[in-house]
Amino acid sequence: MTSSRAVPGAHPSGLDRPTAAPAVEEPVASPAGGPTLPGLVRRLLRGQSFSAWLLEVIRFCAVGGTAFVVDVGLFNLLRFGPGELLGEKPLTAKVLSVAVSVLVAWLGNRHWTFAGNKRDSRRRELTLFVAVNLGGMAIAVGCLAVSHYVLGLTSPLADNIAANGVGLVLGTAFRYVCYRYVVFTGDVGAGPPRPAPPGAARRRGRAPAARR
C-alpha cells in the first residue's frame with residue numbers, strides 16, 4: 001500500500017501553484033513614442049516631444065531674426081531712405097522701428113511659433129508680450145551698464161560685447177522662457193467635443209440582445 005505524503009508548499013491538486021511575477025513599473029515614454037524622458041523634462045516640455053520642442057526653438061529664432069531685420073531696416077529707411085522722412089529725428093525713427101518689430105515678433109510667435117498655445121485674449125497677450133520685451137531690453141542695458149560703469153570696460157568692442165553679445169543672449173533666453181511659460185499659455189487644442197457620427201446614438205441606446 002502506497003502512502004501519499006503532502007509536500008510542503010505544494011498545491012492540494014498536486015500541481016505547483018504558479019507564483020505571481022513581481023510588478024515592474026513601466027517607464028513613461030515620450031509623447032512621440034521616442035526614448036523615455038525624466039519627469040522634470042516632461043513637465044518643462046509641456047507634453048511635447050524633444051523634436052517638437054527643438055522645432056519650436058528654431059521657429060522662435062527665425063521670428064526673432066525677422067523682427068531684428070525689420071527693426072534695423074525700418075530705422076535706416078526712415079532716416080536715410082527716399083525723402084529722409086525722419087532724417088533729423090533718430091529717436092522717433094528708432095521708437096517707430098522698435099514698435100513695428102515688436103508687432104511683427106508678436107504676430108510671428110502667436111500664429112507660428114506658439115500657435116498651439118495662443119491666448120483667447122489678444123489684448124492681454126500683447127500687453128504681456130510688450131512687458132517681456134521691455135524686460136529683455138532692460139537685461140541688455142543692464143549688461144552694458146555693468147560692463148561700462150562698474151568694470152570700467154569702455155572700449156567700443158567691450159560695449160558691443162556687453163550689449164550685443166552677452167546682453168543679447170541673456171535677453172533672448174529671457175524672452176523665450178517668458179513667451180513659453182507666461183505669455184503663450186492658452187490651449188486652442190481643447191475645443192468643443194466632436195459630434196458623434198450618424199447612428200452612434202442609436203447604437204449606444206440600443207439594449208444588448210439577451211443571451212440564450
Side-chain angles (χ1 to χ4, degrees), residues 31 37-76 90-91 93-189:
L37 299 174
L40 177 60
V41 175
R42 290 198 305 273
R43 286 193 294 270
L44 292 177
L45 291 180
R46 295 194 307 183
Q48 289 178 310
S49 64
F50 180 79
S51 58
W53 171 78
L54 186 60
L55 179 60
E56 180 182 277
V57 173
I58 293 175
R59 290 177 175 178
F60 167 77
C61 294
V63 171
T66 302
F68 177 77
V69 170
V70 170
D71 181 13
V72 175
L74 183 58
F75 174 76
N76 284 275
L91 296 182
K94 187 59 178 176
V95 168
L96 289 177
S97 67
V98 169
V100 174
S101 68
V102 169
L103 184 60
V104 169
W106 174 61
L107 292 175
N109 284 295
R110 174 180 172 83
H111 296 289
W112 190 39
T113 307
F114 303 99
N117 298 101
K118 56 186 178 183
R119 290 174 177 262
D120 294 331
S121 175
R122 297 183 180 179
R123 180 178 300 178
R124 177 175 175 79
E125 184 181 87
L126 180 58
T127 302
L128 291 172
F129 190 87
V130 172
V132 168
N133 276 271
L134 291 176
M137 182 178 65
I139 290 176
V141 173
C143 291
L144 177 59
V146 171
S147 173
H148 193 94
Y149 295 104
V150 178
L151 302 180
L153 304 175
T154 58
S155 66
L157 178 61
D159 285 349
N160 275 278
I161 291 176
N164 300 321
V166 179
L168 179 63
V169 171
L170 294 180
T172 300
F174 171 79
R175 288 185 180 93
Y176 175 74
V177 172
C178 290
Y179 290 170
R180 181 176 174 85
Y181 299 107
V182 178
V183 180
F184 300 102
T185 57
D187 187 9
V188 299

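All residue numbers refer to positions in the sequence shown, counting from 1. Note: hydrogens, waters and symmetry copies are ignored here, and every other heavy atom, side chains too, is used.
Within the 4.5 Å cutoff, the side chain of Met137 has no heavy atoms near those of the Val98 side chain. The closest side-chain heavy-atom distance from Leu128 to Phe184 is not below 4.5 Å. Side-chain atoms of Trp106 and Arg122, non-hydrogen and from C-beta on, do get closer than 4.5 Å to each other. Looking at Val104 and Phe68, their side chains never come closer than 4.5 Å, going by heavy atoms from C-beta outward. Within the 4.5 Å cutoff, the side chain of Cys143 has heavy atoms near those of the Leu170 side chain.
Between the side chain of Ser147 and the backbone N or O of Leu144, no donor-acceptor pair lies under 3.5 Å. Side-chain atoms of Arg119 come within 3.5 Å of backbone N or O of Val183 as a donor-acceptor pair.
Rounding to the nearest 0.5 Å places CG of Asn76 at 9.5 Å from CG of Asp71. Between the CZ atom of Phe129 and the CG atom of Leu134 there is a distance of 11.0 Å, given to the nearest 0.5 Å. The distance from atom CD1 of Ile139 to atom CG of Leu168, rounded to the nearest 0.5 Å, is 11.0 Å. Put simply, OH on Tyr179 and OG1 on Thr185 are 14.5 Å apart, with the number rounded to the nearest 0.5 Å. To the nearest 0.5 Å, the span separating CD1 on Ile161 from CG on Asn164 amounts to 10.0 Å. How far CG of Asn109 is from CZ of Arg180: 12.5 Å, rounded to the nearest 0.5 Å.
Taking all atoms of both residues into account, the shortest heavy-atom contact from Arg175 to Asn133 is NE-OD1, 3.3 Å. Between Leu96 and Leu74, the closest heavy-atom pair is O-CD2, 4.1 Å.
Remark: Trp112 pairs with Arg59, Ala62, Val63 by the side chain to side chain contact (heavy atoms under 4.5 Å, CB included) rule, at least two apart or across chains.
The aromatic rings of Phe114 and Tyr176 sit tilted relative to each other, their planes meeting at an angle between 30° and 60°.
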